[in-house]
Amino acid sequence: MLDFSLFGGAETAADWAKLPRRTLATSPRDPSINVRQPPQDPNDFLWLMTEEPHRSRRMAILKAHPEVTKLMGHEPLTKWVVLLVVSIQLACAFLLRNTHPLSWKFLLTAYAVGGTANQNLFLAIHEITHNLGFKGIKANKLLAVFANFPIGIPYAAAFKGYHIEHHKFLGEDGIDTDLPSRIELLCLNNVLGKVFFCTFQILFYALRPGFIRAQTLTQWHLVNVVAQLAFDYVLVTTCGRNALIYLIMSAFFAGSLHPCAAHFIAEHFLWDGTDQETYSYYGPLNVLAYNVGYHNEHHDFPSIPWTRLPALRALAPEFYDNIPSHPSWPMVTVNFILDRDIGIFSRGKRIGRGVPKDQLAQTTEKSEVVPTPAAEPEPESSPRRRAAAALDADGFLQGKQ
């Protein structure tokens with residue numbers, strides 16, 4: 001039921017209130033969580049004063065379930081999945097070496113098989129970026145370079161720096177390069193613009209970071225570039241250029257109008273008029289995508305690997321079942337394009353880290369945050385203290401970046 005006490009005396013529901021919600025909480029403690037809220041102003045991003053939600057929820061889960069730290073650590077299965085998917089892509093590239101790139105067989109394979117496989121490798125590199133493929137840093141970096149081969153273009157080394165900043169500075173303007181830029185908002189804020197964005201979103205995610213925040217190049221950037229160019233050269237000289245065209249076309253489809261590519265939009269765009277910054281998806285496509293749909297869980301504990309994210313949700317249902325999530329990835333893309341109340345503007349941004357929500361109202365006349373009284377410290381031997389000591393402020397195991 002719509003709470004009319006929130007709308008200043010209005011006696012009829014606006015058009016937005018009659019529309020169904022796109023996201024729903026599975027077991028909401030408060031039924032109003034599943035009521036659609038007034039739409040966001042489409043002329044600007046939503047500027048937030050509060051800090052990102054994952055830090056406070058992480059600490060609450062650590063306090064309630066200190067055993068959560070047992071879920072952290074590398075997943076040995078990851079390297080074998082990477083090897084399998086790389087092998088599938090190389091086999092397809094070899095089999096299509098004499099097939100015209102514009103034939104139906106080539107295009108269908110590049111979309112259905114290649115797009116799915118390369119999206120899987122994108123997310124393998126995402127997983128490896130958190131050092132969850134091996135215990136050692138060097139081994140993880142080398143695995144990421146290997147997983148990069150079927151994508152055709154070197155990006156694994158650059159992705160790591162930008163992605164770790166995305167976790168540590170979620171929503172911070174000028175640092176989190178996952179956020180759309182002002183020029184994207186101005187140029188793509190309509191149906192045709194959203195179709196263009198969804199079709200070429202892989203290019204936006206690849207090119208945007210370089211315009212917003214330059215990286216300091218390291219030896220691993222060089223290793224990534226040299227290894228990829230060497231791989232591409234060997235592939236073309238042995239199998240012909242069609243093999244490389246297949247891999248690059250697969251990478252394009254993986255980040256275009258593909259069912260699995262919807263996770264790019266599903267994860268952090270704002271839906272249903274709320275300021276919820278991160279959304280999960282618990283459907284079957286997670287099998288192809290390293291459980292990246294468990295995105296709230298991943299941001300809360302980035303040192304928990306993909307195979308154990310469902311266990312995290314099962315361990316702390318009181319924290320996750322009350323958060324709205326997406327029921328379908330493919331419908332995310334459809335709704336993003338057709339729903340006038342969501343668009344490029346539907347992202348939360350902040351300047352600086354912001355303050356916890358429970359402190360925001362506690363301001364002085366000078367608008368300074370009133371410090372929360374210090375609680376009685378727990379003993380060093382308590383499970384809570386030992387669990388918290390394993391993490392840095394952003395949820396990473398110490399030394400695992």
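Heavy atoms only: backbone and side chains are in, while hydrogens, waters and symmetry mates are out.
Ring pair F269/F197 is perpendicular by interplanar angle, where above 60° counts as perpendicular and below 30° as parallel. In this structure, Y281 and W329 have parallel ring planes: the angle between them is below the 30° cut-off, well short of the 60° mark. Ring geometry, H126 versus H163: the interplanar angle exceeds 60°, so the pair is classed perpendicular (tilted spans 30 to 60°). Ring planes of F45 and W47: perpendicular class, angle over 60° (limits at 30 and 60°).
Within the model, atoms CD of Q40 and OG1 of T274 stand 9.5 Å from one another, a figure rounded to the nearest 0.5 Å. Once rounded to the nearest 0.5 Å, the distance linking CZ of F336 with OG1 of T333 reads 9.0 Å. Here the CD-CG distance, from E297 to L309, works out to 7.0 Å after rounding to the nearest 0.5 Å. To the nearest 0.5 Å, atom CG of residue N118 and atom CE of residue M249 are 12.0 Å apart. Distance CZ/F169 to CG/D176: 10.0 Å, rounded to 0.5 Å. Atom-to-atom distance recorded for R213:CZ and E165:CD is 4.0 Å, nearest 0.5 angstrom.
A cation-pi arrangement, defined by a distance under 6.0 Å to the six-membered ring centre and an angle within 45 degrees of its axis, is absent between R208 and F211.
Residues H268 and H263 place their aromatic rings such that the two centres sit no closer than 6.0 Å. Between F252 and F200, the ring center distance clears the sub-6.0 Å criterion. Aromatic ring centres of H166 and H299: separated by under 6.0 Å. Separation of the H295 and H54 ring centroids does not fall under the 6.0 Å cut-off. Ring centers of F253 and H258: at least 6.0 Å apart, outside the cut-off.
Residues V86 and L121 form a side-chain contact, since some pair of their non-hydrogen atoms from C-beta on lies under 4.5 Å apart. Between I153 and Q228, every side-chain heavy-atom pair lies at or beyond the 4.5 Å cut-off. For the pair W220 and K138, the minimum side-chain heavy-atom distance is below 4.5 Å. Put simply, the side chain of H167 reaches to within 4.5 Å of the side chain of H298, judged on heavy atoms.
Checking side-chain atoms of T129 against main-chain N and O of I125 turns up a donor-acceptor pair under 3.5 Å. The closest donor-acceptor contact from the side chain of N140 to the backbone of G133 lies under 3.5 Å.
Checked against D173 for a salt bridge (Lys or Arg N to Asp or Glu O under 4.0 Å), the options R350, K349, R182, R347 give a single hit: K349.
Between the side chains of T78 and E127, no donor-acceptor pair is found at a separation under 3.5 Å. Looking at E318 and H65, their side chains do bring a donor and an acceptor atom within 3.5 Å of each other. A donor atom on one side chain and an acceptor atom on the other are not found under 3.5 Å apart for R313 and N296. Checking Y162 against D178 by side-chain atom types alone, no donor-acceptor pair falls below 3.5 Å.
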Take N224 and Y155, measure what side-chain hydrogen bond (donor to acceptor under 3.5 Å, both in side chains) needs, and give me the verdict at the end. CA-CA 7 Å; N224 190 192; Y155 92 101; over 6 Å; no
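No more than 12 heavy atoms of other residues, nucleotides or ligands shown are found within 6.0 angstrom of CD1 on I183. In the displayed structure, F94 atom CZ is contacted under 6.0 Å by at most 12 heavy atoms of other residues, nucleotides or ligands.
The minimum heavy-atom distance linking G152 with D232 is given by the pair O-OD2, 2.8 Å.
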